[in-house]
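Note that these values count all heavy atoms, side chains included, but never hydrogens, waters or copies made by symmetry.
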Amino acid sequence: MAYMYQIKCIVPKVSSRIQTRQLSAAFSLRGGSALSHTPLATRSYSADTVLLEQEEVNSFSDLRDLNSLIASGVVSGMGYTNMTEVQKKVIPFLLSPETRGSNSLVQAKTGTGKTLAFMIPIVQEVYESILRSKHNHRPSPIAVIIAPTRELAYQIRDESVAISSYIRESSPEHAPIVRAVVGGVNKRTEFSNVFGKSGCHILVATPGRLLDYLRSDPSLFKYTRIKVYDEADRLLDQGFARDIASIDKALKAVTNVEQVLMFSATVRPDVAAIAQRELGKEYLFVKTSKDDESPTHLKIPQTIISVDKIGDHIEPLISLLKYHSQRIEDGEPFKAIVFMRTGKEVAHYYNVLSDVIKESFFKIQVSQISARMTQNKRLKALEEFKKSKNGLLIASDVVARGVDVKDVTDVFQVGAAMNVEQYIHRVGRTGRAGKSGSATVILSSREDYFLRQLRQENISFVQELEYVSDPVLYDKIRGIAQATMERSNRNYIKNVDAMMERSKKRSGKPPVIEQPNMDVSSTLLAMLGYYIGTLKSKGGPAYYADLFRELFESAGPLLGHPTGAPLTLSARQISILRKIAKLSAHDIKSFAIVK
Ligand SMILES: Nc1ncnc2c1ncn2[C@@H]1O[C@H](COP(=O)(O)OP(=O)(O)OP(=O)(O)O)[C@@H](O)[C@H]1O
C-alpha cells in the first residue's frame with residue numbers, strides 16, 4: 001500500500017555540481033509524475049518543493065534495505081518492533097540505495113525516536129564503509145555527531161554503542177567503534193581513549209571539545225564524511241553559532257563532508273534559513289506535525305499557575321509537589337523534573353527543597369543538575385534520577401533538550417523559559433515514547449510577555465490557575481530556607497579554607513568549588529541576568545531596577561535572606577549591576593548596602 005508521505009524534498013533547478021542520483025522507484029511525485037526514475041541531475045524544476053510518496057513500511061523487520069544484523073538487534077535486543085512516525089519517514093529514505101547519503105533536515109516532536117532515525121542509517125553506513133575499506137589504518141571518525149550538551153552526547157553514544165553491539169556479536173572486526181568527547185573531562189585521558197589504539201568510527205561530541213581536537217590535529221578527521229547536528233536549531237543559534245562555523249571551516253580544510261543531517265523538535269524559520277545554507281540546494285525535509293498544530297506533544301496536558309511577583313514561584317511549586325506526590329500513596333510513580341532559571345537557583349532551591357521534602361513529603365529522592373557542577377557529579381545525579389522510582393530532579397537547562405529519562409511523569413517550570421523553543425523541549429522530557437505525562441509552568445504577572453509568546457505558537461493550557469498564598473506554608477518555607485542557608489554558610493566557611501589549602505598543595509591552583517555559598521545577592525544577580533538575556537534588552541535601567549527590587553523582596557526571604565534585612569552587595573556585584581542593568585548608584589542604595 002502506498003501512502004502519502006509528509007516528506008518535502010527540496011528539488012531546485014539542478015546545477016551541474018549536483019551529483020547524479022536517482023530517486024528510488026518507491027518514491028514518486030504526488031499525482032503520479034515520472035520523477036521516480038529520473039536522475040535529478042538531468043532535470044530542471046521550477047518548483048522548489050515536491051511531495052514524495054513512499055510505500056508504507058511499519059516494522060523494522062520489513063525494511064528492505066536494513067542490514068539483517070542491525071534489524072535483529074533493534075527488534076530482539078532493543079525490543080522495538082514498529083517504527084515511530086519519524087523513523088518511518090527517515091530511515092527508508094536514508095537507507096535506500098538511490099537516496100542514501102542525502103542531506104536532511106528533520107523536525108518531529110520531542111520523544112518520538114529521532115535518535116534512532118539518524119543512528120540506524122549512520123551505523124549501517126559506517127559498517128558498510130568498514131566492510132569496503134581496504135586500508136589498515138587506525139579507525140578514525142567517519143561520522144561526527146554534534147550535540148549541545150554533555151549528557152545528550154553520552155546518551156547518543158550509548159544508543160549507538162547498543163546498535164553497533166548487535167553487529168559485533170557476529171562480525172566483531174567490522175562493528176563500528178563509537179566514542180564521545182565532551183567538555184569538562186580530562187583531555188589527555190579522553191584523547192587516548194578516543195583517538196588512541198582502538199580509535200573510533202563514530203564520534204559524538206559537544207561543539208567546544210570537538211573544536212579543540214579539530215584545531216590541535218585536523219588530520220584526525222580526514223576520513224569524516226557524515227556530520228549530524230542533533231538539536232540543530234540550538235546548535236545554529238547564537239550561543240553555538242561561532243563554534244559551529246569554526247567546526248565547519250576546520251572540517252572543510254581537511255575533508256569532504258558528503259552528508260549533513262539535522263534533527264530537532266523545533267526549527268525556527270530564521271534557523272531554517274541558516275540550516276539551508278549548510279544543507280545545500282537539495283535536501284530532504286521532513287516535518288511530522290502540521291503547521292497549525294501545537295508544537296508540544298498531545299500526550300502532555302499543560303497547566304499554567306499565575307503568581308503575583310517574580311520571586312513568588314517556590315511556594316506554589318512546593319504545593320504542587322505535595323499535591324502530585326500524593327500519587328505515591330496509591331502506588332503510582334512520581335518522577336519529576338523542575339526546571340529553574342539559573343544554576344545558582346538550582347543549587348539554592350535544591351537545598352531548600354531537599355529539607356522541605358525531608359520534613360513533610362513522601363519518600364522522594366531529590367537530586368540536582370546544572371552546569372555549575374563537575375561532569376562526574378552531573379552524570380552521577382542523572383544516573384541517580386534515572387534509577388529512582390520516585391525522584392525529583394532540580395535542573396537547569398543542561399537537561400532541557402534531548403535527554404531521555406524513561407517514565408518522567410511531570411515537568412515543572414519555574415518562571416519563563418529562555419524562549420518558546422526551550423519551553424517546548426523542557427515539556428518534552430515527559431510524555432516520551434508514547435507514554436503520558438503532565439507539565440506545569442509557574443509565571444508571574446511580569447512574565448505575561450512569555451505567555452503571549454506561547455499562545456502565538458498555538459500552545460494551550462488545560463488549566464489556568466491563580467495561586468493564592470498560604471501564610472502557614474509560606475512561613476514554613478521561609479524558616480526552612482533560612483535554616484538551610486545558615487547551615488550551608490557554616491559548612492562553606494568550614495570547608496573552603498581546607499579546600500584552598502589542599503588544592504594549592506596538589507596543583508598550585510585554586511579549587512573548583514561546586515557547592516556555592518548561600519550568597520543570596522549572587523543568586524538574585526544571576527536571576528536578573530537571566531531576565532536581561534531573555535528580554536533581550538526590551539527593558540531599560542528603570543525596568544531592571546524595579547525588577548531587581550521585586551526579585552529581592554519576593555524571592556529573597558524564600559532563598560533564606562533574613563526578613564527585613566537589607567541586601568548586602570560587594571563592590572564587584574555593584575559594578576555588575578551597574579554594567580548589566582545600568583542601575584545608578586542611587587537606585588542601588590535604595591535597597592542594598594555596599595560591603
Ligand atoms: N520504534 C520505537 N518504538 C518504541 N520506542 C522507541 C522507538 N524508537 C525510539 N524509542 C524510544 O523512545 C524514546 C525517545 O526517543 P528519542 O530520545 O530518540 O526521542 P527524540 O525524538 O530524539 O526526543 P527529543 O526531541 O526530546 O530529543 C527513547 O526512550 C527511545 O528508546
For the backbone of [Y] and the side chain of [X], can you confirm whether one donor and one acceptor N or O come within less than 3.5 Å of each other?
X	Y	value
His348	Val352	no
Lys435	Thr430	no
Thr440	Phe412	no
Glu447	Ser444	yes
His313	Ile310	yes
Ser521	Thr568	yes
Gln482	His561	yes
Glu345	Arg341	yes
Arg432	Asp407	no

Q) Does some side-chain heavy atom of Ile369 sit less than 4.5 Å from a side-chain heavy atom of Leu393? A)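 Yes, at least one pair of side-chain atoms sits under 4.5 Å.
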Salt bridge or not for [X] and [Y], using N-O below 4.0 Å?
X	Y	result
Lys344	Asp519	no
Glu384	Arg378	no
Arg401	Asp233	yes
Asp355	Lys358	yes
Lys290	Asp292	no
Glu293	Lys287	no
Asp410	Arg327	yes
Asp546	Arg446	yes

To the nearest 0.5 Å, what is the distance between [atom1] ([X]) and [atom2] ([Y])?
X	Y	atom1	atom2	value
Phe240	Ile146	CZ	CD1	10.5 Å
Gln302	Thr296	CD	OG1	4.0 Å
Gln276	Tyr283	CD	OH	3.0 Å
Glu332	His324	CD	NE2	12.0 Å
Asp312	Leu551	CG	CG	10.5 Å
Arg234	Met418	CZ	CE	8.5 Å

Distance alone, cut at 3.5 Å: any donor-acceptor contact between the side chains of [X] and [Y]?
X	Y	result
His297	Thr110	no
Lys476	Tyr474	no
Tyr423	Gln413	no
Tyr467	Ser306	no
Gln107	Thr288	no

**Q.** Over 12 non-hydrogen atoms of neighbours within 6.0 angstrom of CZ in Arg487
**A.**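 Atom CZ in Arg487 is crowded, with more than 12 foreign heavy atoms closer than 6.0 Å.
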Q) Of Asp230, Val403, Val405, which is the lone residue that meets side-chain contact (heavy atoms from CB on, under 4.5 Å) with Gln155? A)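 So, applying the side-chain contact (heavy atoms from CB on, under 4.5 Å) to Gln155 and each of Asp230, Val403, Val405, only Val403 qualifies.
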Q: Could you walk me through whether Glu151 and Lys386 pass the salt bridge (charged side-chain N to carboxylate O under 4.0 Å, His left out) test, one step at a time?
A: CA-CA 12 Å; Glu151 283 72 17; Lys386 280 184 178 169; over 6 Å; no
